[in-house]
Amino acid sequence: QVQLVESGGGLVHTGDSLRLSCAASGRIGSLTYMAWFRQAPGKEREFVGSSTWSSTDTYYTDSVKGRFTISGDNARNTMYLQMNNLKPEDTAVYYCAAGWVGGRRDLTRSYRYWGQGTQVTVSS
């Protein structure tokens with residue numbers, strides 16, 4: 001089993017930055033890809049970006065390209081999502097996911113483990 005704990009969410013204004021963290025524990029040795037997803041009220045959970053735990057092979061959904069960056073700290077078993085120039089449409093609960101089981105990396109069903117989520121609210 002793998003446990004994921006997100007942190008770093010909060011209430012910010014348009015144009016501000018936040019850094020989310022995803023700390024992993026448990027049987028993490030076999031983990032390959034991880035991902036960040038988000039879910040706004042009344043909407044389906046959507047893909048934000050994905051990376052290896054070594055911060056390679058990274059890609060993002062178009063709406064966050066150039067603003068969001070995934071990075072990792074292997075020594076701390078932690079991945080980060082740096083979010084810059086935040087917009088009201090970025091408001092959502094953000095989840096990290098791990099335990100990629102194969103297939104498309106932008107689909108929720110491709111990941112076995114999920115964190116509890118952290119709320120990000122961007123006011124205009």
Side-chain angles (χ1 to χ4, degrees):
Q1 284 288 343
V2 172
Q3 293 78 43
L4 303 173
V5 178
E6 302 99 333
S7 60
L11 171 63
V12 297
H13 295 97
T14 299
D16 286 349
S17 298
L18 273 178
R19 189 179 77 160
L20 306 183
S21 300
C22 174
S25 61
R27 295 187 175 184
I28 62 175
S30 61
L31 296 180
T32 52
Y33 293 109
M34 64 81 61
W36 287 94
F37 287 78
R38 66 186 180 186
Q39 188 166 18
K43 295 187 176 181
E44 294 187 353
R45 195 167 298 187
E46 67 170 358
F47 174 76
V48 174
S50 176
S51 172
T52 65
W53 284 88
S54 301
S55 307
T56 59
D57 196 11
T58 303
Y59 78 104
Y60 306 91
T61 193
D62 286 345
S63 62
V64 308
K65 281 181 183 175
R67 300 189 299 123
F68 290 12
T69 304
I70 295 174
S71 64
D73 184 341
N74 284 342
R76 298 182 181 219
N77 297 324
T78 300
M79 296 296 291
Y80 303 100
L81 179 66
Q82 177 67 43
M83 306 185 294
N84 297 329
N85 190 22
L86 283 161
K87 304 175 181 180
E89 51 263 43
D90 295 318
T91 294
V93 177
Y94 283 71
Y95 299 89
C96 68
W100 179 66
V101 298
R104 287 175 52 179
R105 288 161 57 192
D106 61 343
L107 298 178
T108 58
R109 65 172 181 260
S110 298
Y111 299 91
R112 183 179 304 164
Y113 306 112
W114 292 84
Q116 83 289 351
T118 185
Q119 175 72 48
V120 172
T121 303
V122 185
S123 65
S124 58

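Heads up: numbering here begins at 1 and tracks the sequence.
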Separation of Arg38 CZ from Glu46 CD (nearest 0.5 Å): 4.5 Å
Carefully, step by step, assess Ser54 and Asn74 under the rule side-chain contact (heavy atoms from CB on, under 4.5 Å). CA-CA 7 Å; Ser54 301; Asn74 284 342; 3.8 Å; yes
Could Arg45 and Phe37 be counted as a cation-pi pair, given that NZ or CZ must be under 6.0 Å from the ring centre and within 45° of the axis? no
Run the side-chain contact (heavy atoms from CB on, under 4.5 Å) test on Thr69 and Tyr60 for me, step by step, so that the C-alpha distance in whole Å, both residues' side-chain angles and the decisive distance to 0.1 Å come before the verdict. CA-CA 8 Å; Thr69 304; Tyr60 306 91; 3.9 Å; yes
Report the C-alpha separation of Lys87 and Asp90 in whole Å, then their side-chain angles, then the decisive distance to 0.1 Å, and conclude whether the salt bridge (Lys or Arg N to Asp or Glu O under 4.0 Å) test is met. CA-CA 5 Å; Lys87 304 175 181 180; Asp90 295 318; over 6 Å; no
Please walk me through it: do Arg105 and Ser110 pass side-chain contact (heavy atoms from CB on, under 4.5 Å)? CA-CA 6 Å; Arg105 288 161 57 192; Ser110 298; 6.0 Å; no
Can you name the nearest heavy-atom pair linking Asn84 to Ser17, along with the distance? OD1-OG, 2.9 Å
side-chain contact (heavy atoms from CB on, under 4.5 Å) assessment of Leu20 paired with Glu6: CA-CA 7 Å; Leu20 306 183; Glu6 302 99 333; over 6 Å; no
Kindly state whether the ring of Tyr111 and the ring of Phe47 have centres lying under 6.0 angstrom apart. no
What pair of heavy atoms forms the shortest contact from Tyr33 to Asp57, and how long is it? OH-OD2, 2.7 Å
One should read off an interatomic distance between Gln39 CD and Gln119 CD, to the nearest 0.5 angstrom, of 10.5 Å
Tell me if a side-chain donor or acceptor on Thr32 pairs with a main-chain N or O of Gly99 at a distance below 3.5 Å. no
Can you check whether Pro88 reaches Thr14 side chain to side chain, under 4.5 Å on heavy atoms? yes
Filter on ring-ring contact (aromatic ring centres under 6.0 Å, His included), then keep only pairs touching residues 64-98, sequence neighbours left out; what's left? none
How long is the span from the CD atom in Gln3 to the CZ atom in Arg27, to the nearest 0.5 Å? 10.5 Å
Closest contact, heavy atoms only, Thr52 versus Met79: O-CE, 3.4 Å
Scanning both residues in full, the closest heavy-atom pair of Asn77 with Trp53 reads O-CZ3, 4.1 Å
Shortest non-hydrogen separation from Ala92 to Ala40 and the atoms involved: CB-N, 3.8 Å
Heavy-atom closest contact (Ser51 atom, Thr58 atom, distance): OG-OG1, 3.1 Å
Membership question, hydrophobic clusters at under 4.5 Å side-chain separation (ILVMFWY): are Tyr113 and Ile70 in the same one? yes
When you group the ILVMFWY residues by side-chain heavy-atom contacts below 4.5 Å and let the links chain together, are Leu4 and Trp114 in the same group? no
Can you hop from Leu18 to Val122 via hydrophobic side chains spaced under 4.5 Å? yes
Identify whether Leu81 and Val2 are in the same connected component of the hydrophobic contact network (ILVMFWY, side-chain heavy atoms under 4.5 Å). yes
Hey, quick one: are Met34 and Leu31 part of the same hydrophobic cluster, counting side-chain heavy atoms closer than 4.5 Å, chains of contacts allowed? yes
